[in-house]
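Worksheet: the structure to be examined is printed underneath.
Numbering starts at 1 and runs along the sequence shown.
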Amino acid sequence: MSPLFPALAGDLPATADRPALRFGAHSLTYGQLAAAAGALAGRIRGADRVAVWATPTLETAVAVVAALLAGVPAVPLNPKSGESELGHIVKDSAPELILTTPGSDLPSTLDQLTRIDVDVHAPGENPPPTDLAPGHPALVVYTSGTTGPPKGAVIPRRAIAATLDALADAWQWTGDDVLVHALPLFHVHGLILGTLGPLRRGGSVRHLGRFDTAGVARELTEGATMLFGVPTMYHRLAEALPGEPALAAALGGARLLVSGSAALPVHDHERITAATGRRVIERYGMTETLMNTSVRADGEPRAGTVGVPLPGVELRLVEEDGTPVAAYDGETVGEIQVRGPNLFTEYLNRPDATAAAFTADGWFRTGDMAVRDPDGYVRIVGRKATDLIKSGGYKIGAGEIENALLEHPAVREAAVTGEPDDDLGERIVAWVVPGEQPHDTLAAELTRHVADRLAPHKRPRTVRFLGSLPRNDMGKIMKRALKDAHEDVAGHG
Ligand code: MCA
Ligand code: AMP
């Protein structure tokens with residue numbers, strides 16, 4: 001297939017001196033990126049798979065681009081992953097190499113991998129054109145399910161090209177755009193959309209390192225045209241706006257403000273529009289499908305919807321029995337199924353899970369429930385699985401947290417639920433039956449235990465101790481009853 005990054009292959013005119021990437025004070029032009037990524041691609045070519053220690057740095061971007069140039073599938077790792085999560089991912093994906101920033105301190109879990117320190121100023125050549133099949137695996141991105149450890153979604157080159165080009169169409173996204181964001185680089189949003197997206201267009205990205213409203217205001221004032229964020233970030237912007245006129249002016253001057261990874265509450269949409277005169281547009285995707293729908297830049301913005309299917313994406317709503325819903329009337333709820341070139345190929349080493357995810361005729365079951373307006377706009381109303389929690393835009397399976405809690409000696413039984421949270425969308429709540437009377441610091445200890453074994457964003461924000469968990473006749477924990485019981489206690493307390 002044609003190159004993923006025409007600007008790096010010298011196929012776009014006069015790009016060598018154009019800015020490509022900026023992370024904090026460090027930046028690379030297209031010429032420098034082509035040299036560094038070309039040099040690294042030469043070193044890793046032939047490897048079966050490489051891991052990337054995905055800190056928000058130039059090194060991560062260069063490593064991933066190099067892997068794509070070399071045709072070597074890359075596995076981005078969350079640098080805050082705990083021992084158990086990292087151990088699983090490394091065992092499952094079996095990378096030969098780990099690409100990282102010089103001087104970074106890697107955990108011993110990665111000791112068996114050959115380490116390559118990425119030199120972002122390495123002299124190199126414009127990489128030779130690669131002729132890889134569209135279905136060739138590009139990335140393996142780990143994503144949580146309801147139970148068990150995360151699964152590796154194998155994302156082919158075709159899906160990256162298709163999704164980024166569909167977004168370019170929907171958003172009128174060009175090489176003149178300068179994107180600002182602060183998203184992590186080990187997930188689809190920050191890596192594929194937020195880093196590879198600008199590079200495919202021949203435009204540039206400025207990464208803030210970590211999210212703060214002042215950084216967003218500064219970059220949008222100094223030439224950035226687009227902002228990508230999760231709803232938590234837009235919520236924090238909405239909270240800050242009344243006291244920060246410079247932020248309102250900066251957001252008001254942006255060409256496009258895009259939110260995704262979870263639903264942005266209508267109240268936050270409204271506060272931002274009232275203060276800035278601009279509307280935030282939402283797009284809807286998944287690790288397995290990349291992007292499915294979006295409100296178009298030239299379309300009617302409709303808060304509370306995720307817009308219309310992107311070019312090339314087939315989308316339908318189905319009943320429980322798999323038959324398409326009778327009407328797109330804005331009221332009939334069905335599960336979203338999608339088909340198109342944007343889809344992943346498989347879950348690595350999990351043919352069972354892959355088979356379960358698709359219908360016989362190739363539709364992917366998203367598990368998201370939605371209604372569709374007669375003119376095609378999709379409104380997500382919920383999720384099939386109550387055991388998936390979206391917190392801060394991260395998808396987190398209740399099962400993996402329950403398993404981590406059960407490994408702690410003071411825990412006899414555990415159940416995990418999500419509760420509404422103004423800032424995070426949903427907050428992780430752990431319900432624990434302790435082995436003996438819980439000591440004062442047990443809640444904090446369990447929180448740390450989960451953060452250390454899995455990842456800090458998977459830690460419970462609330463721990464509630466109980467004498468027993470409500471179970472049905474089959475012994476299954478009744479999570480609804482947990483919530484009701486708590487409301488009851490809270491109501492009487
Ligand atoms: C706090 N910390 C701890 C503990 N408590 N560490 C260990 N143990 C503890 N007990 C640390 C954290 O590590 C972190 O460290 C800091 O405290 C703050 O953590 P936290 O409260 O979790 O962060 P936050 O400030 O609340 O983060 C909000 C956020 C973040 C910035 C919005 O949630 C975020 O980046 N979300 C983006 C998720 C995303 O990209 N999802 C896309 C998935 P330190 O200070 O060092 O940071 S892709 C997807 O969904 C699809 C494809 C789509 O549609 O996009
Ligand atoms: P992930 O697996 O982390 O890629 O998360 C994908 C899930 O995020 C989807 O299945 C949806 O439930 C949710 N999601 C993504 N974008 C949106 C959005 N704009 N509105 C509502 N939910 C969203």
Side-chain angles (χ1 to χ4, degrees), residues 49-55 74-100 104-113 115 139-154 184-187 287 347-350 352-353 385 387-418 424 426-435 441-463 477:
R49 219 172 268 144
V50 295
V52 178
W53 194 240
T55 49
V75 188
L77 302 176
N78 174 358
K80 288 190 188 143
S81 276
E83 218 180 298
S84 158
E85 181 170 287
L86 200 56
H88 162 70
I89 294 176
V90 170
K91 186 157 176 264
D92 190 52
S93 61
E96 278 176 43
L97 308 166
I98 169 85
L99 312 183
T100 186
S104 62
D105 199 9
L106 298 182
S108 58
T109 322
L110 302 176
D111 279 355
Q112 76 272 29
L113 306 187
R115 170 178 178 144
L139 294 168
V140 182
V141 179
Y142 277 80
T143 183
S144 293
T146 49
T147 54
K151 303 186 289 272
V154 179
L185 298 195
F186 46 86
H187 277 311
T287 304
Y347 294 114
L348 194 67
N349 306 322
R350 292 292 307 275
D352 56 327
D387 276 349
L388 281 180
I389 300 163
K390 263 269 156 162
S391 188
Y394 287 110
K395 180 151 90 182
I396 302 154
E400 57 182 320
I401 307 174
E402 288 160 1
N403 290 341
L405 286 167
L406 288 168
E407 284 169 22
H408 191 284
V411 175
R412 193 142 55 95
E413 292 179 72
V416 165
T417 58
L424 295 170
E426 286 181 285
R427 166 173 21 105
I428 298 172
V429 177
W431 307 80
V432 170
V433 179
T441 54
L442 183 56
E445 193 176 310
L446 294 178
T447 300
R448 212 168 35 244
H449 170 79
V450 175
D452 290 348
R453 292 198 66 72
L454 302 178
H457 68 261
K458 295 183 178 175
R459 70 189 190 275
R461 306 285 171 140
T462 306
V463 180
I477 300 167

Please confirm whether the backbone N or O of [Y] pairs with a side-chain atom of [X], one donor and one acceptor, at under 3.5 Å?
| X | Y | answer |
| --- | --- | --- |
| E426 | K390 | yes |
| E400 | G397 | yes |
| R49 | S93 | yes |

[X] [atom1] to [Y] [atom2] distance, which is reported to the nearest 0.5 Å:
| X | Y | atom1 | atom2 | result |
| --- | --- | --- | --- | --- |
| L97 | L113 | CG | CG | 8.0 Å |
| L406 | E413 | CG | CD | 8.5 Å |
| I389 | I401 | CD1 | CD1 | 5.0 Å |
| L442 | H408 | CG | NE2 | 6.0 Å |
| S84 | D452 | OG | CG | 11.0 Å |

Is E445 atom CD crowded by more than 12 heavy atoms from other residues, nucleotides or ligands, each under 6.0 Å away?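 Atom CD in E445 is packed in, count exceeds 12.
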So do the side chains of [X] and [Y] get within less than 4.5 Å of each other, counting heavy atoms only?
| X | Y | value |
| --- | --- | --- |
| V75 | Y142 | yes |
| N78 | P184 | no |
| Q112 | V90 | yes |
| S81 | F186 | no |
| V411 | H449 | no |
| P460 | I428 | yes |
| P150 | H88 | yes |

Heavy-atom pair with the smallest gap, counting every atom of [X] and [Y]:
| X | Y | result |
| --- | --- | --- |
| R427 | S391 | CA-OG, 4.3 Å |
| L185 | A54 | O-CB, 3.8 Å |
| L86 | P107 | CD2-CG, 3.4 Å |
| V450 | K458 | CG1-O, 3.3 Å |
| V141 | H187 | CG1-ND1, 4.2 Å |
| L77 | A51 | CD1-CB, 3.8 Å |

What class does the angle between the rings of H457 and Y394 fall in, given that below 30° is parallel, 30 to 60° is tilted and above 60° is perpendicular?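 Rings of H457 and Y394: parallel, as their planes differ by under 30°.
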With W431 via ring pair (Phe, Tyr, Trp, His ring centres under 6.0 Å) - residues at least two apart: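 Checked W431 against ring pair (Phe, Tyr, Trp, His ring centres under 6.0 Å); matches are H486.
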Candidate pair D387 and T147, rule side-chain contact (heavy atoms from CB on, under 4.5 Å), full reasoning: CA-CA 8 Å; D387 276 349; T147 54; 5.7 Å; no
